[in-house]
Amino acid sequence: MERDEETSGPMMEMCTNGGGEEKSNRRPIISGEPLDIEAYATLYKGRTKIMRLLFIASHCGGNQTMQLEALRMAYDEIKKGENTQLFRDVVNRINGRLGDKYMMDSAWCEAVDRRAEQKKGRLENELSSYRTNLIKESIRMGHNDFGDFYYACGLLNDAFKNYVRTRDYCTTAKHIIHMCMNAILVSIEMGQFSHVSSYVNKAEQNPETLDPIVAAKLRCASGLAHLELKKYKLAARKFLDVSPELGNSYNEVIAPQDVATYGGLCALASFDRSELKAFIYPNKIFHILLIDNINFRDFLELVPEVRELINDFYSSRYASCLEYLGSLRANLLLDIHLHDHVDTLYDQIRKKALIQYTLPFVSVDLSRMADAFKTSVSGLEKELEALITDNQIQARIDSHNKILYARHADQRNATFQKVLQMGNEFDRDVRSMLLRANLLKHEYHARASRNH
Amino acid sequence: MNKMEALITSIQGLSGSLGDLCALHARLRKAEDSLRINSNVQLSILKQLDPSIHSLGYLYILEASTSGPVWKKKATLLIAQFINCCDAGQIRLASEKFVILCKRFKDRVFKDPLRGVGPMLSAVRKLVQVSPKRLTALHPDCLQLCLQAKCYLAGFSILSDDIVEVDEPRDFHLYCYYGGMICIGLKGFQKASELLYNVVTAPMHEVNSIAFEAYKKYILVNLIHSGQFSNSLPKCASSVAQKNLKNWCTPYYEVGNYYNDGKISELEAVVVAYSSDFENDNNLGLVKQAVASLYKRNILRLTQKYLTLSLEDIANMVQLPNAKEAEMHVLQMIQDGQIHALINQKDGMVRFLEDPEQYKTSEMIDVMDSVIQRTIGLSKNLIAMDNSLSCDPLYVGKSQVGRERQRYDFGDDFDNFPHFSM
């Protein structure tokens, strides 16, 4: 039984806005087109903006214009801050290609360094005076200020140490949360995601209920941590739990578009069909039940291509789904967190698509399947062979006629076989055991008789 | 001379009932030394006796006549005849002498083994008649002779599943080792694997060379039979074995590892590299069989994934040179019953079928029934052995002493405890 396939071209609607509001951050930034760096950069603020721009510059392949654009914006951003190390770095990379305005400004560097020294001295004095006075709150503020200072200068380890030191002087829940958020921020920048997880846990263990925005931020952070540890299912769950009230408030780490992209891709790669439906594709009839998902739908509106691709996957339009994935790939590789995982996620999504395609059928024509997945029949055969070996598909390939037949193991025969095998094994093992026991017994007797 | 004549008459007279035989036995034992001295007389005495009726006397005299380094030529022939027609009941009374006699006989005919196979077989059978579950000292010798003569079926007939009692560990090791080799000769790799496994896991305090050789063959036989190879010995092997057996088996470990990877060309390269080692151990033939079995293993894996496959594709996937060879291999496997398939020569296609066994016939029910009965019997044996061990004074003593030594750790009290010196 073959099903009718809508092999007419993928129904693609590139809707630009979800609700029609013209907020600048609702433009589809992550799309199939080459990345609009300015728009991308406006999504973020703080150190992460700089790091992302530098990442794009180093990973955009041979694309000179993109690279120079990214470096230029990075230069501008760094100059607004106080990080001379990064400044030197960027200038080296620009290498004079952007003209005179973007050259090494040693005067600025020296001025910033001097200011930093003075500030450091001042902070140290304050801190020591607070310490002698033993006022908890002031000591905490002092360490915090130190932490902020080091973070601005780019000395992340020292910043982290100082933030963690405030722990001993925290008195209210709010202080603890403040410390956790700072520690999380620095850990993400340093790439130490184990710390991120532990501090998220610490913040969530807070007896008071958290402010929803803070809760959303914590979920984003733990989602990122899981993503880095390749625990895609947990990451997806965390991202999907983020409430839309997050908006732009966590721009120093992550933009709402990222939440949608990461969450959507991880969910596709790791959820099974019912979970996918429950979380992302709410049943139109039962509005009332799945209110949470409406949250994620708001996120998905920000990245319409990801939304379309998930819809396509769920409705088995694999060709268009894989097409979207292909077009998004180049831009996703420029994302600082997703870069290492793009290939694995794509691989998993493709495998799931293959498995899902074959699931409802008793027999599948391999040439039609190859068309749907835009690959050759022999390539498809190899992929299917790998999946059958892994026991993910229960089927066998008829290589002569190029058909895949579903095959369900005969339980009854398998049971009989197993029983006979088990009987034989028992037989062998017990006989060996009896022999060994007799040998040991013989040794005791031999030794005893020798000694008497 | 008179003594001899008296002896002859007593043998002839007392070879009747059991009571007489015991008396005769005692007299023979006393007369043993004098028998040895008079070698000329022995043969003449033998002519007067009938081996099947006067077996005990005949045995003593034969043993005396062969105790020296030089035998008479007729002696070998006489021994063969004696073994064939002697009375098992009488032999039982002097079984050690019988064993010694047979061993000497075996050493004599080793150069010309075919002569000795028949007599040795009947010797073993006569001893086994007495206690079927016991391993005698003659089993390994007989097996060795059969191996030498390449009479594998003959040797196979005395390999029994029911051996439980063992007198001498060395006999057991040799029995299992030779038995394994006989099974390899008959291509019964399952049984060979079992026997070699018994040697490898036998309890031992020092590693002996039998265990080494057996382990090497065990690895290869396992590869041929089930395609499995593991770097570690089975858990029930003794600690001595576990530490030492691996050291000298590096070439075999290499073969095992490359076999697991499944690439024929690399495996063959390894075999060529170590071929001198294999030849020294007389294992080269076995190694070649293992390499051949890798092709079979790979084809078997293909049956799991494909319903039909062209011969060309099979040849490519299994790294055979061409489709003709693939066809030969598949044909061989179908004949051996390892796979179920149909070859369509017109299209050059092979169609893999499911195992047609439906487990619905009465023969199958009989098989299952016998397996169940055997299992029940074995469990009973195991429980019986466990019970008897718990009552065995030696065992109880050792386990008690161990426990008591742990509890009482004071130095001066130590000597007051009754302990077994082991």
Side-chain angles (χ1 to χ4, degrees), chain A residues 363 378 381-382 384-391 393-407 409-410 412-452, chain B residues 135 161-169 172 176 190 193-194 197-198 201-205 236 238 301-310 313 317 344 347 349-352 354-355 357-359 364 367-368 370-372 374-375 378-379 381-382 385-386 389 392 394-395 397-398 420-422:
Chain A
S363 65
S378 47
E381 238 183 83
K382 292 233 167 3
L384 286 174
E385 199 186 312
L387 285 172
I388 294 176
T389 316
D390 278 341
N391 226 3
I393 300 185
Q394 316 288 334
R396 298 220 296 194
I397 305 177
D398 180 347
S399 184
H400 184 51
N401 301 324
K402 302 293 177 205
I403 300 184
L404 183 77
Y405 286 100
R407 171 225 212 181
D410 187 342
R412 183 176 173 279
N413 282 354
T415 312
F416 271 108
Q417 246 181 337
K418 208 158 183 222
V419 165
L420 279 176
Q421 191 191 345
M422 202 133 278
N424 284 331
E425 274 174 27
F426 180 79
D427 194 78
R428 277 203 309 271
D429 287 339
V430 172
R431 266 187 293 120
S432 297
M433 259 197 272
L434 288 173
L435 271 170
R436 276 200 298 275
N438 268 321
L439 278 176
L440 282 171
K441 189 163 84 161
H442 167 80
E443 268 182 61
Y444 286 154
H445 282 294
R447 284 185 168 199
S449 62
R450 252 184 276 147
N451 286 335
H452 292 333
Chain B
L135 183 73
D161 275 344
D162 285 332
I163 304 269
V164 176
E165 299 279 321
V166 170
D167 279 328
E168 186 65 36
F172 176 67
C176 286
Q190 163 101 346
S193 170
E194 276 178 43
Y197 173 81
N198 279 338
T201 57
M204 50 180 120
H205 292 272
C236 42
S238 63
R301 270 192 220 129
L302 285 177
T303 63
Q304 295 300 315
K305 296 184 267 199
Y306 286 91
L307 207 49
T308 65
L309 201 54
S310 71
D313 284 333
M317 288 186 204
N344 183 339
D347 297 332
M349 280 280 161
V350 179
R351 188 181 187 80
F352 296 118
E354 295 280 344
D355 183 2
E357 178 60 66
Q358 286 294 320
Y359 300 96
M364 188 43 75
V367 167
M368 303 221 74
S370 67
V371 169
I372 293 175
R374 207 177 154 73
T375 310
L378 272 175
S379 315
N381 278 349
L382 198 56
M385 165 172 264
D386 190 35
L389 260 186
D392 187 338
L394 273 180
Y395 173 76
K398 184 165 202 271
F420 280 91
S421 54
M422 294 295 266

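A, B, ... follow the sequence lines: proteins, then strands. Residue 1 opens every chain.
The nearest pair of heavy atoms linking Q304(B) to I388(A) is O-CG2, 4.2 Å. Shortest non-hydrogen contact noted between G423(A) and V371(B) is CA-CG1, 3.9 Å. Closest heavy-atom contact between F352(B) and R396(A): O-NH2, 3.7 Å. The two atoms that bring L440(A) and P203(B) nearest to each other are CD2-CB, 3.6 Å, heavy atoms only.
To the nearest 0.5 Å, the span separating CG on L378(B) from CE on M433(A) amounts to 9.5 Å. Atom CG of L307(B) sits about 11.0 Å away from atom OG of S363(A), to the nearest 0.5 Å.
With a 4.5 angstrom heavy-atom cutoff, I372(B) does not touch chain A via any of its atoms. Proximity to chain A is limited to the side chain of D347(B), based on heavy atoms less than 4.5 angstrom apart. Y359(B) touches chain A through backbone and side chain together, each having a heavy atom under 4.5 Å away. For chain B, the nearby parts of R436(A) are the backbone and the side chain; heavy atoms of each come within less than 4.5 Å. If you measure heavy-atom distances from Q358(B) to chain A, the contacts under 4.5 Å come from both the backbone and the side chain.
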For this session: Decide yes or no on side-chain contact (heavy atoms from CB on, under 4.5 Å) for V430(A) and S379(B), but give the supporting numbers first.
Result: CA-CA 8 Å; V430(A) 172; S379(B) 315; over 6 Å; no
For this session: List the steps and the verdict of side-chain contact (heavy atoms from CB on, under 4.5 Å) for T308(B) and N401(A).
Result: CA-CA 8 Å; T308(B) 65; N401(A) 301 324; 5.8 Å; no
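No side-chain heavy atom of L309(B) sits under 4.5 Å from any side-chain heavy atom of D398(A). Counting only heavy atoms from C-beta outward, the side chains of R374(B) and F426(A) never approach each other to under 4.5 Å. The shortest side-chain heavy-atom distance between Y306(B) and H400(A) does not fall under the 4.5 Å cut-off. Between N198(B) and L435(A), the closest side-chain pair of non-hydrogen atoms falls below 4.5 Å. Counting heavy atoms from C-beta on, the side chains of S432(A) and T201(B) never come closer than 4.5 Å. Looking at heavy atoms from C-beta onward, I397(A) lies out of side-chain contact with K305(B) at the 4.5 angstrom threshold.
By number of non-hydrogen pairs under 4.5 angstrom with chain A, the leading residue of Q190(B), M364(B), E354(B) is E354(B).
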